[in-house]
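Some notes on the structure that comes next.
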2 protein chains.
Amino acid sequence: MYDKIAVIGYGNVGNALVDSLLQNGITVDQILTTKKQEIKVVDALPSIQFITDYSDLKADLCLVCVSDDAVNSVINRIPPEIPVAHTSGSIQLESLDRKKNVGVFYPLQTISKERKVNFKEIPLLVEASDENLKQKLIVLAKSISEEVHEVSSEKRKEIHLAAVFINNFVNHQIFLAEQLAERFQFDKLLLKPLLLETVYKAIDEGAYNAQTGPGRRGDVNVIATHEAMLPNDLRLIYHTLTESIIKTYHG
Amino acid sequence: MYDKIAVIGYGNVGNALVDSLLQNGITVDQILTTKKQEIKVVDALPSIQFITDYSDLKADLCLVCVSDDAVNSVINRIPPEIPVAHTSGSIQLESLDRKKNVGVFYPLQTISKERKVNFKEIPLLVEASDENLKQKLIVLAKSISEEVHEVSSEKRKEIHLAAVFINNFVNHQIFLAEQLAERFQFDKLLLKPLLLETVYKAIDEGAYNAQTGPGRRGDVNVIATHEAMLPNDLRLIYHTLTESIIKTYHG
């Protein structure tokens, strides 16, 4: 489908994407990065040319895997005749300077170098300025994922916002519970079976049906006891979320 | 260890506990319940005597599996010579009228009839007014779980509070994301791989290290854009949690 693919940026997403492409028999010809810590790993992939200069790019598609605030300027440095797709959840296509031959190839997942993720199950949200590029991106996406969706910039932005609740805020609740474990001096691993069952139950039954606890029951005595046990910052969060749960179930 | 075990209350916890005891070769002699919907299932367990009258109790141990607000009054109806343990996370031993022969046998898990849980991995938090009863409860607990912990009422209350963050609040974040999926008209299943990876990553790396997103980066532009997209009630939650994340990482 593409003779030559170049990946720009070799951080968390770049790493995972290159791995996944290679594992699925797709050749990656070039990786461009100007970051020293990313260049260091060059030896691990002898079949791929590492470059640091945009004028050395020779590709039919550039996949841009850089941080959100660098996406537009990086795309501006890529020769306009080379099609480009960025991998960011929140950057609208219309916000970019480039208007043609530009698309999106967004994996809806939290990706870090330390953890292998299975791209087959990761939703890939695809969009492009041109029908031709869009079809090519869809074919490429389907070669690594079974969950390929054509999604507009507007919808992708909305999905990304929901993902903040699912990833950032769920993680922060876990962090706050870990803080309480430290404060109250018990092993946080005690909470692990509960956390896993909470998530699988919410997935199976839907979170509305799965809700339990003092907010769900409207148990003002337990709520008052809990709030009295918490330091100010956690009390505010307890209060805000419990009010929201009470409103959900008791109007 | 016990000749005769009676379980009082046959709701979610009673069901799961009876199942688990039977599966591990522990005989349950009696189940006492006065709730019609719980009596209905009597036929499923022919080897166990279902009773509705406290005067019919013949047991060396009563496991009380009723709702928090019924625990004290149920224990008061059990003949004082029969040792008793309740299964509630938040009820202090000292808050009960009974002062002797009374203990706690608390499974730290969210339990519902629809979902089988593996008691082997569920932490069982045990406490008792008397050393003799405590030792017996520990032996019983170890027969069904590999995670048996002797825990004071005070500590159990603290663990229970952390469990509210892990269960109630994580579930509520998932609910809010499901609401957004409905509002923005996309399939909530798109978020499932992200949710699972979020949780496993937090467990493996610790939630502090696993945090990402606009609050972690202190990205005020993305935060403002997100808040503008949300209805009032969700905006308040977004704001409160994001402020907490910013404070965690940027002081």
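Since we're looking at a predicted model, the values are computed, not measured. Residue numbers start from 1 in every chain, and the chains themselves are labelled A, B, ... in the order their sequence lines are given, proteins ahead of strands.
Interface remark: Val170(B) contributes backbone and side-chain atoms alike to the contact with chain A (heavy atom separation under 4.5 Å). Heavy atoms of Phe184(A) lying under 4.5 Å from chain B belong to its backbone as well as its side chain. In this structure, chain A has no heavy atom under 4.5 Å from any part of Val151(B). With a 4.5 angstrom heavy-atom cutoff, Ile111(A) touches chain B only via backbone atoms. Only the side chain of Ile203(B) comes within contact range of chain A, judged by heavy atoms closer than 4.5 Å. In this structure, chain B has heavy atoms under 4.5 Å from both the backbone and the side chain of Leu194(A). For Val117(A), the part lying near chain B is the side chain, with the backbone staying farther off; criterion is any non-hydrogen pair under 4.5 Å.
Of the listed residues (Pro193(A), Gly213(A), Ala163(A)), the one with the most heavy-atom contacts under 4.5 Å to chain B is Pro193(A). Counting heavy-atom pairs closer than 4.5 Å to chain A, the top-ranked of the candidates Leu176(B), Leu190(B), Leu236(B) is Leu190(B). Here Pro123(A) is the residue among Ala181(A), Gly215(A), Pro123(A) with the most heavy-atom pairs under 4.5 Å with chain B. Highest contact tally toward chain A, considering only Ile122(B), Val222(B), Leu189(B), Leu108(B), is held by Leu108(B) [criterion: heavy-atom pairs under 4.5 Å]. For chain A, the option among Leu230(B), Leu180(B), Leu241(B), Ile237(B) with the highest count of heavy-atom pairs below 4.5 Å is Leu241(B). Top candidate by heavy-atom pairs under 4.5 Å with chain A, chosen from Val199(B), Ile159(B), Val164(B), is Ile159(B).
Sorted by first then second residue, the salt bridge (Lys or Arg N to Asp or Glu O under 4.0 Å) pairs that include residues 9-18 of chain B, not counting sequence neighbours, number zero.
The minimum heavy-atom distance between Ala162(A) and Ala177(B), with the atom names listed, is O-CB, 3.9 Å. Looking at every heavy atom in both residues, Ile166(A) comes nearest to Leu191(B) through CG1-CD1, 3.9 Å.
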Geometric donor-acceptor pairs, no angle filter, chain A-chain B, under 3.5 Å:
unit_1	atom_1	unit_2	atom_2	d
Gln109(A)	NE2	Pro193(B)	O	3.1
Thr110(A)	OG1	Lys201(B)	NZ	2.8
Ser112(A)	OG	Lys201(B)	NZ	3.4
Arg115(A)	NE	Glu197(B)	OE2	2.8
Arg115(A)	NH1	Asp204(B)	OD2	2.5
Arg115(A)	NH2	Glu197(B)	OE1	3.3
Lys155(A)	NZ	Phe184(B)	O	2.3
Asn167(A)	OD1	Thr212(B)	OG1	3.2
Asn167(A)	ND2	Thr198(B)	OG1	2.9
Asn168(A)	O	Gln211(B)	NE2	3.2
Asn168(A)	ND2	Thr212(B)	O	3.2
Asn171(A)	ND2	Ala207(B)	O	2.9
His172(A)	NE2	Ser244(B)	OG	2.6
Glu178(A)	OE1	Ala207(B)	N	3.2
Glu178(A)	OE2	Ala207(B)	N	3.4
Phe184(A)	O	Lys155(B)	NZ	2.4
Pro193(A)	O	Gln109(B)	NE2	3.1
Glu197(A)	OE1	Arg115(B)	NH2	3.4
Glu197(A)	OE2	Arg115(B)	NE	2.8
Thr198(A)	OG1	Asn167(B)	ND2	2.9
Tyr200(A)	OH	Tyr200(B)	OH	3.0
Lys201(A)	NZ	Thr110(B)	OG1	2.7
Lys201(A)	NZ	Ser112(B)	OG	3.4
Asp204(A)	OD2	Arg115(B)	NH1	2.5
Ala207(A)	N	Glu178(B)	OE1	3.2
Ala207(A)	N	Glu178(B)	OE2	3.4
Ala207(A)	O	Asn171(B)	ND2	3.0
Gln211(A)	NE2	Asn168(B)	O	3.2
Thr212(A)	O	Asn168(B)	ND2	3.2
Thr212(A)	OG1	Asn167(B)	OD1	3.2
Ser244(A)	OG	His172(B)	NE2	2.6

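Using a 4.5 Å heavy-atom threshold, the side chains of Phe175(B) and Ile245(A) count as separate.
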key: Check against side-chain contact (heavy atoms from CB on, under 4.5 Å), Phe186(A) and Leu125(B)   = CA-CA 12 Å; Phe186(A) 67 87; Leu125(B) 311 189; over 6 Å; no

Leu234(A)/Phe165(B) under side-chain contact (heavy atoms from CB on, under 4.5 Å): CA gap, chis, key distance, verdict = CA-CA 10 Å; Leu234(A) 273 82; Phe165(B) 283 79; 4.2 Å; yes

